[in-house]
2 protein chains.
Amino acid sequence: MTGQSPRPKGRRPGDSGTKEQILDAARDLFADVGFERATIRAIATKASVDPALVHHYFGTKDELLVAALQLPVDPAVLFAGIGTEEGNGRGAGETVVRRVLALWDDTDTRAPLLALLRTAVSHERAAAALGELFANTLLAQMATLADRDDASLRAALVGSHIGGLVLGRYVLRLPPLAGAAPDDIAGMVGPVLDHYLSGDLARPAL
Amino acid sequence: MTGQSPRPKGRRPGDSGTKEQILDAARDLFADVGFERATIRAIATKASVDPALVHHYFGTKDELLVAALQLPVDPAVLFAGIGTEEGNGRGAGETVVRRVLALWDDTDTRAPLLALLRTAVSHERAAAALGELFANTLLAQMATLADRDDASLRAALVGSHIGGLVLGRYVLRLPPLAGAAPDDIAGMVGPVLDHYLSGDLARPAL
DNA sequence: CAAAGAACTCAACAAACGTTGACTTATTGC
DNA sequence: GCAATAAGTCAACGTTTGTTGAGTTCTTTG
């Protein structure tokens with residue numbers, strides 16, 4: 001092995017999915033080390049590509065960020081059925097927790113979500129995006145509750161509890177949380193979410 | 001304004017609290033923009049000091065981080081009384097929430113805490129520190145519950161819920177959470193914490 | 001009052017960063 | 001089949017970064 005395969009110079013024949021490779025690499029690195037430490041050079045290397053190509057496709061690094069942060073999950077699906085007549089009451093919260101954990105336990109979907117969370121905490125723009133995401137989509141799904149005047153507060157309580165769960169299990173990796181089975185967690189947290197969704201906030205029935 | 005006061009060259013007379021100024025500046029910047037974007041030069045400028053002095057005192061930037069991350073709050077005080085005979089049952093969770101919010105609403109104590117949270121999400125070392133902090137000190141305060149075999153799980157649930165609350169109110173700034181009065185939040189979240197602390201996790205009394 | 005050391009600045013280092021422009025190769029439209 | 005354009009590499013740019021070593025001024029110790 002003397003010549004270590006110097007990359008060919010021009011365009012590749014056929015349909016190389018290079019653009020997606022770059023996005024995948026970017027999401028992986030954003031998720032692993034956050035926005036600042038994920039250098040364009042590292043992303044390019046991971047995608048087996050020249051750094052200049054990243055700019056050729058996405059322009060500046062910030063633009064690459066917003067391109068990589070496009071959610072692979074429709075949040076409306078996550079909360080589908082919450083607050084409707086059938087989905088209301090017992091089990092709704094548990095279902096949501098189970099869906100969220102399933103999403104985060106799958107390696108493919110975890111990367112972009114972790115990337116979003118990591119950057120949201122340090123990047124003002126991503127924070128706003130995540131905030132709107134929770135506020136709008138969760139609220140929109142709380143159909144039968146939407147007329148209550150405290151609906152957005154209820155949504156915020158639910159969202160923040162789920163956020164804390166994710167933070168503890170996947171970012172901080174608190175042992176009891178990271179080690180527990182999804183069903184167990186859903187069984188314990190779900191009822192609390194139900195309470196936040198439809199219970200009496202002032203006079204809790206505990 | 002021709003000569004813009006070039007700094008004197010040697011040691012200052014008297015007792016200049018420069019070391020603390022540097023730590024304060026570091027905490028402010030870590031809290032504002034996170035670890036990576038808080039450059040040593042910016043910290044030094046904010047502290048009205050030469051960048052080299054930062055190294056003179058704290059060595060590498062990572063060492064400055066751990067020095068700045070020393071909590072200004074004894075977490076044991078935060079959870080004092082939780083799980084004891086008097087503090088148990090009604091009101092314990094509400095008290096904790098009120099204490100936590102008071103801490104985060106105070107600008108002086110918020111900076112180092114925000115710095116800790118921001119860096120914990122992107123820095124492996126800070127994440128471990130925050131994790132241990134919650135696990136150990138919260139657990140240690142749950143006196144009467146410590147013999148239960150699920151004590152650490154209960155502590156993790158409480159900690160993650162509080163973490164989510166902080167995340168939503170101070171980092172993402174979700175309007176309903178950021179705008180609510182501390183007492184209102186404590187009234188709604190407190191009972192849930194009580195449930196996590198001493199309620200029946202498997203068969204929730206909702 | 002001299003010597004040791006702490007506090008402090010200055011100038012510069014090497015490395016890494018995001019970004020750019022010129023160039024080469026394949027594909028597409030007419 | 002010939003231009004226009006997209007896909008791709010290469011080498012280099014100007015900054016900014018963390019960090020260092022030498023030098024200067026004050027304080028402390030004996």
Side-chain angles (χ1 to χ4, degrees), chain A residues 3-26 29-30 32-69 119 122-123 125-126, chain B residues 3-27 29-30 32-69 115 119 122-123 125-126:
Chain A
Q4 194 76 6
S5 70
R7 286 204 212 91
K9 313 205 69 172
R11 183 174 186 163
R12 304 291 178 272
D15 207 26
S16 63
T18 313
K19 206 169 174 180
E20 279 305 323
Q21 286 180 27
I22 294 177
L23 280 177
D24 284 348
L29 281 175
F30 286 157
D32 278 355
V33 298
F35 178 73
E36 328 286 343
R37 310 182 69 155
T39 75
I40 290 213
R41 282 172 165 87
I43 292 171
T45 300
K46 187 160 193 168
S48 309
V49 141
D50 189 276
L53 192 60
V54 178
H55 286 95
H56 174 56
Y57 275 129
F58 302 100
T60 162
K61 192 184 177 185
D62 278 304
E63 293 173 308
L64 172 61
L65 175 68
V66 317
L69 250 44
T119 56
S122 78
H123 227 75
R125 199 163 167 185
Chain B
Q4 192 75 10
S5 71
R7 286 206 212 90
K9 313 204 68 172
R11 182 174 186 165
R12 305 290 179 273
D15 207 26
S16 63
T18 313
K19 205 169 174 180
E20 280 304 321
Q21 286 180 27
I22 294 177
L23 279 177
D24 284 348
R27 277 190 274 255
L29 282 175
F30 286 158
D32 279 355
V33 298
F35 177 74
E36 328 286 343
R37 310 182 71 155
T39 75
I40 290 212
R41 280 172 167 86
I43 292 170
T45 300
K46 185 159 195 169
S48 309
V49 140
D50 190 275
L53 192 61
V54 179
H55 286 95
H56 174 55
Y57 275 128
F58 302 100
T60 163
K61 192 184 177 185
D62 278 305
E63 292 173 308
L64 171 61
L65 175 67
V66 317
L69 251 43
T119 55
S122 77
H123 226 75
R125 200 164 166 183

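Here is the naming used below: chain letters follow the sequence lines, and residue numbers restart at 1 for every chain.
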Check side chain to side chain donor-acceptor pair (under 3.5 Å) between T39(A) and all other residues, then give those that pass, not counting sequence neighbours.
-> none
OG1/T119(A) to CG/L65(A) distance, rounded to the nearest 0.5 angstrom?
-> 5.5 Å
Here the salt bridge (Lys or Arg N to Asp or Glu O under 4.0 Å) pairs for residues 38-50 of chain B, sequence neighbours left out, are D28(B)-K46(B)
Taking atom P of dA6(C) as reference, at what distance in whole Å does atom NZ of K19(B) sit?
-> 11 Å
When rounded to whole Å, the CZ to P distance for the pair R37(B) and dG18(C) reads 12 Å
In whole angstroms, the gap separating P of dA7(D) from CD of Q21(A) amounts to 14 Å
Could you state the interatomic distance from CG (L53(A)) to CD1 (I22(A)), rounded to the nearest 0.5 Å?
-> 4.5 Å
Residue pairs involving residues 39-67 of chain A (criterion ring pair (Phe, Tyr, Trp, His ring centres under 6.0 Å); sequence neighbours excluded) = none
Would you say T18(B) reaches dA7(C)'s phosphate, i.e. side-chain N/O to OP1/OP2 under 4.0 Å?
-> no
Quick one: side-chain contact (heavy atoms from CB on, under 4.5 Å) partners of T60(B), sequence neighbours excluded?
-> D62(B), E63(B)
Contacts to DNA chain C from residues 60-67 of chain B, heavy-atom cutoff under 4.0 Å, which residues?
-> none
Scan residues 38-56 of chain A against DNA chain C and write down, sorted by residue number, each residue with any heavy atom closer than 4.0 Å; if none is found, say none.
-> T39(A), I40(A), R41(A), A52(A), H55(A)
With sequence neighbours left out, write down each residue that passes ring-ring contact (aromatic ring centres under 6.0 Å, His included) with F35(A), or none if nothing qualifies.
-> F30(A), H123(A)
Can you name the residues that form a side chain to side chain donor-acceptor pair (under 3.5 Å) with D32(A), not counting sequence neighbours?
-> none
Rounded distance (Å) that lies between atom C1' of dG18(C) and atom CD of E36(B) | 16 Å
Within less than 4.0 Å of OP1 or OP2 of dA6(D), is there a side-chain N or O belonging to Y57(A)?
-> no
Roughly, in whole Å, what's the span from CG in L29(A) to P in dG18(C)?
-> 11 Å
